[in-house]
Every structure is written in structure tokens, then in C-alpha cells.
Peer 1: 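Got a structure here, written out as C-alpha cells. Questions coming.
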Amino acid sequence: MNKFQKNKDSNNSERKSFSDIFIWRIFLVVIFGIGINAIFFFQLNYDDYYVFAQEINYNNNNNELSIENLLKSGSPILGNPDAPITILDFSDFQCPNCGRYVKNTEPILNETYIQTGKASLVYKYFPVVGFDSMNPALAGQCSQEQGKFWQLHQVLFANQKPIDSGWVSNDNLKNFASQISGLDIQKFSECLDGERYKDHINKDLEMAKKFQLRATPSFIIVNNDGTNPEILTGAHPFPSFTAIIDNKLVEENKQ
Amino acid sequence: MNNTNNNNNLFSLSSFRIVFSNPLYVTISAITTTLFWIILNVAGELLFFSPIWVFYLPDDAILGFILTNITAVLIGIVLSMNIYIIRNSKLKLGKSLFSGASIGLISSTCASCTSIGFALVSTFGGIGILISNFFSVYEIPLRIISIAILLYAIYSSHNRITKNCLLDFKIK
């Protein structure tokens, strides 16, 4: 092997080992970066939303989150409206994670806080998941007109099918509604076909936008008078709600 | 002569024993698996960091969780093997690592319900809804496909490691 060839091999080897080390270090950094971002993503978002929610609260004299205004707006409310805490649930009947929350978390929440008068639950329409999402939202408010929202809510989530698979067509919604005892299906059909509550749904959507909600379900947990809002994004389990509500109840008792 | 014997012994071992006999690759694999486990479970809304740290596993998420665990472990193994290949040869990373990991990651979340879906919809409009719905509706089959791709990536990496004609081992 001549001198020139030796030098060439040595250069190649140095270059290769440098690029190897460089590439695999970059990979480790990328993997760590992704992980750290994932860990802090929700924490940061939570803090941002919290600060934003507080700002909205302080800048809004006529607080739209107060139970008084929520009652006036005609939103479906479960539990005692005089309860010290209000939970606003921004949800879509087509969203699988909303279905998971309704199946796993809402019953415990209902039993622990709503039935005991510690909190009330307000449903807000957030139909963004699919093309058909507006239909069940309109149906929901049409059933609310007759005081049957929570019954339809249970029926729809119990029969939830894949997004935009046609399961929330107007005909299917009328069939679901016909399963609810005491609901006037004639009135319901007229309301649904005439899209009577489209403006109501759009107002809920505007509220979700205002609070920069970016996932279904999302929750805003506030004091009864609309102060001190806190936002939960996603189908959180019961302990997440407990952490916020218990804290608020303690603060409430101190005052 | 001594080198030749070493080479023969080395290639008689499986690629797993070659790679994971070095604690560095075991560490890389463990860290990658842990990170992807966290990412996949946060995306799947099973693991939350705020307002408190909580992990929960509802009945409807058990199958997805099992597939998530398999995906995270496979990504850890494939990444270690590929880093081994890069360090010990002139070969580049296998494309199957990226495709398997990406599909596993995207399909692990209800794309329509989360900010991923919101980003898709705000960027692509109606097409965004179609894309995010596709990932939501075909979540389980997509995860199985991602596992199949990652298994292929392991097979491919095994071949790269054990076929000496492609490698330039740093054995002295």
C-alpha cells in the first residue's frame, strides 16, 4: 500500500467516524427533544389556557361563565344550579374520547359532585370532529327544548359509531329520540329539520374559540359566579377533576 | 488469523446479541422505549401530567394500550440496531424505522379529537377532516400495520448486521 493510499484511507476513516458520531448524537437529541416536548406539552398548554382564562374572566364584566348567564342562554344543566362549582363540558357526540369520558368519568363525577350538590354540569356544543357533527348538536338542543337533553345525551353516546359513518343522520337521530319516553317526536322532528338552534350551537362554538379550546372534550371548571376558571383539555379521568374541584371547594369554604 | 476467528464467532451470534451485548445500545433502547411509551400514552389520552400526574386504563383502551406497548418496545429495538449499523458501517438508517414509528405515533391518538386533528382541519379544511377521521376510524388496523413495519425493520436491520459483506466492522 503506497503512502497516498494510506492517507486517503485514514482521511476516509476519520470522516466516517465523525459523521457516525454526529448522526447518532443528533438522533439521541431528537428523541430526547420529542420526549421532553411531549412531557411538557400539556403542562404548558394548561398554564397558557389557565392564564388566558383568568384574563378573560377579569376583562369581562358581564361574565358569560356565571351560572346565571348559562341558565339564560338555555344550555343543558345537570344538577343544582346553585352548586358552588360549575363544570362546562365542551363536547361532540361523534368524538370517541367524549364517549370514553361519558362512559368512564361522568358517572363518578355525577355521583360524587353533582348529585351531592357540590357542582353542576353544563353541556356546551363543540361540533368539530366530523362533517355530520352539527346534526346531533342540533338534536341535542331540540331535546333540551323539551327538557330531555340528558336522556338523548345518554342514548347517543351509548350508540356511538365511527365518525361520519352516517349514524347521526336526521332519520337515525329521530329514531334515537323516539326511544326517549315523554319526548314529543313531532315537535322534535320539526325543530331538527328546521335547524332551529343553529345560532345557539354557533354561540357555543364561539365561546370555545374564545377560550382557545383545541380538543374534544374540553372542560372549563369555574366558581358559580363565573370567576376563577380552570381549563381541562381531553378525556381526563376522575382524579384530574377531583384535584381541581376539591381545591375550589376548599377555597370557597375559606371565604 | 485471529481476526478471522473473531469474525466467524461474531457472525455466528444473532444480531440481538451483537447489538445488545453493548450496554450503550441497551441504554439507548430503554430510553427510546420509555420516551415513546410516554409520548404514545399522552397522545392516546391515557397519561396526563396536569393538573396532576395520572395514568388510567379504561376498558375500551386496553387493546390500544397493548399495541402501544409493543410499538414502543419495537421502536426502541429498531432505533438501537440502526444506530449500531450507522456506527459500524457506511449504511444509512432504514426507512422502515421512520414509517413504522410515524404510523404508530399518529394512529395512537384520536386524531379528530385532539389538537392534531384541529391543526389538520385548520390547515387543510375539509380534507383535514377526512385525514384526521381516517386516522381515528382505522386506529387499530393502522397500529397493527405500524407493528408489522417495525418487525420488518428489525428483520432488515438483522440482515444488515449479520451479512458481513455489507459491513465494515471496527474489530482490531
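Being a predicted model, the structure only gives us computed values, none of them experimental. First the proteins, then the strands, lettered A, B, ... as listed; each starts at 1.
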Peer 1: How long is the gap from CG on A/Asn97 to OG on B/Ser136, to the nearest 0.5 Å?
Peer 2: 8.5 Å
Peer 1: Just jot down the salt bridge (charged side-chain N to carboxylate O under 4.0 Å, His left out) partners of A/Lys248, sequence neighbours excluded, or say none.
Peer 2: A/Glu230
Peer 1: Working to the nearest 0.5 Å, report the span between CZ of B/Phe48 and OG1 of A/Thr233.
Peer 2: 9.5 Å
Peer 1: Less than 4.5 Å apart, side chain to side chain, heavy atoms only: is that true for B/Glu45 and A/Arg100?
Peer 2: yes
Peer 1: What pair of heavy atoms forms the shortest contact from B/Ser50 to A/Leu232, and how long is it?
Peer 2: O-CD2, 4.5 Å
Peer 1: Quick one: CG on B/Asn133 to CG on A/Asp164, what's the gap to the nearest 0.5 Å?
Peer 2: 5.0 Å
Peer 1: Could you check which of B/Asp60, B/Val137, B/Thr34 has the highest count of heavy-atom pairs closer than 4.5 Å to chain A?
Peer 2: B/Asp60
Peer 1: In Å and rounded to the nearest 0.5 Å, what is the CD1 to CG distance from B/Ile52 to A/Asn247?
Peer 2: 11.5 Å
Peer 1: Name all residues meeting the side-chain hydrogen bond (donor to acceptor under 3.5 Å, both in side chains) criterion together with A/Ser169; count only those two or more places apart in sequence or in a different chain, and write none if there are none.
Peer 2: A/Asn172
Peer 1: Around atom CZ of A/Phe131, are there more than 12 heavy atoms of other residues, nucleotides or ligands at under 6.0 Å?
Peer 2: yes
Peer 1: Roughly how far, to the nearest 0.5 Å, is the OG atom of A/Ser240 from the OH atom of B/Tyr56?
Peer 2: 8.5 Å
Peer 1: Looking at A/Gly99, A/Pro162, A/Ala235, A/Gly130, which makes the most heavy-atom pairs under 4.5 Å with chain B?
Peer 2: A/Ala235
